[in-house]
Amino acid sequence: MKAAPAAQKRLLDLAELDSVVDRLAHRRRTLPELAEIDELSAKVARLATQVIAAETEAGDLAREQAKAEVDVDAVRVRAERDQKRLDSGQVSSPKDLASLQSEIASLHRRQSDLEEVVLEIMERREAADAQATKLSAERDELATTRGGAEDRRDAAFAEIDKEAGEAKAKRATVTADIPADLLALYDKLRDQFGVGAAMLQGGRCLGCRTSLSIAEINRIKAASHDEVIRCEECRRILVRTPESGL
């Protein structure tokens, strides 16, 4: 392949711009905010699950408390009814009187036991509510922190995308000075090696940092100025400049 020396030198400008674009793309992929956001999102998700569990427990305890309170009311109503019968004097038989008094005493013990159950459930419910409130606050705080990280990420993305857009615009200008076949070869090599062209400086390929053999240097010296030279080691396009030492 042949191409004007000026066109070949433009490959170095293109390689530099592509390097800028690659560095920006790498920076975009590896922003510290991205890892921070992922970590915070995982924590927020875990807390959200814990909040649901705490709220579910509190809801179950609320229903359990309501049922226990209904049981207390039922026993109390029954005890009050029996007490009214006892106080009214309607029961005159000593046996029936003793039975009624025993039942009232049993109901009072049952009521006391049920009230203890209600208090225990209330304490557990309060603890579950407090836990749900605490976890919700932690979740919201982390979500706010994540929002700040997302703002920083978006600002960094905007800056990177602006720089990348400028570099790509310059790239389009440079590619206009390069023949299609030479550009196609460069792009193919860039896809393979990350860098499609490198300067030949002092008998050394700056792409793979390999010093060329004497025979290869002599071959390049003998080649016409418009011949496209490839590094014998890395196969990238070697661009000759006054710094090549030929």
Nearest heavy-atom pair of [X] and [Y]: which atoms, and what distance?
| X | Y | answer |
| --- | --- | --- |
| R240 | A223 | NH1-O, 3.7 Å |
| M1 | L182 | SD-CA, 3.7 Å |
| V51 | A132 | CG2-O, 4.3 Å |
| A15 | A197 | CB-O, 3.9 Å |
| R236 | C208 | NH1-N, 3.9 Å |
| A156 | L31 | CB-CD1, 3.7 Å |

Could you please spell out the steps behind the side-chain contact (heavy atoms from CB on, under 4.5 Å) verdict for R190 and L14?
CA-CA 11 Å; R190 180 170 182 266; L14 188 59; over 6 Å; no
Any side-chain donor-acceptor pair under 3.5 Å between [X] and [Y]?
| X | Y | result |
| --- | --- | --- |
| D18 | Y186 | yes |
| K2 | S224 | yes |
| S19 | R23 | yes |

Which residue, D13, D187, D177, D22, forms the salt bridge (charged side-chain N to carboxylate O under 4.0 Å, His left out) with R171?
D187
Looking at [Y], is its backbone amide N or carbonyl O close enough to the side chain of [X] to form a donor-acceptor pair, meaning the two atoms are under 3.5 Å apart?
| X | Y | result |
| --- | --- | --- |
| S102 | A98 | no |
| S211 | R204 | no |
| Q8 | A3 | yes |
| S99 | K95 | no |

Take I217 and L200 through the side-chain contact (heavy atoms from CB on, under 4.5 Å) test and state the conclusion after the steps.
CA-CA 10 Å; I217 291 175; L200 175 60; over 6 Å; no
Is it the case that over 12 heavy atoms from other parts of the model lie below 6.0 angstrom from the [atom1] atom of [X]?
| X | atom1 | answer |
| --- | --- | --- |
| R153 | CZ | yes |
| E103 | CD | yes |
| E141 | CD | no |

Looking at [Y] and [X], is any side-chain nitrogen of the basic one under 4.0 Å from a carboxylate oxygen of the acidic one?
| X | Y | answer |
| --- | --- | --- |
| R124 | E120 | yes |
| R152 | E36 | yes |
| E64 | K67 | no |
| R110 | D71 | no |
| K188 | D191 | no |
| E80 | K84 | no |

Verdict with reasoning, L189 to I237, per side-chain contact (heavy atoms from CB on, under 4.5 Å):
CA-CA 8 Å; L189 295 172; I237 298 170; 3.6 Å; yes
Does the Lys NZ or Arg CZ of R235 fall within the cation-pi geometry relative to F193 - under 6.0 Å from the ring centre and within 45° of the axis?
no
Decide yes or no on side-chain contact (heavy atoms from CB on, under 4.5 Å) for E216 and C231, but give the supporting numbers first.
CA-CA 9 Å; E216 182 65 9; C231 175; over 6 Å; no
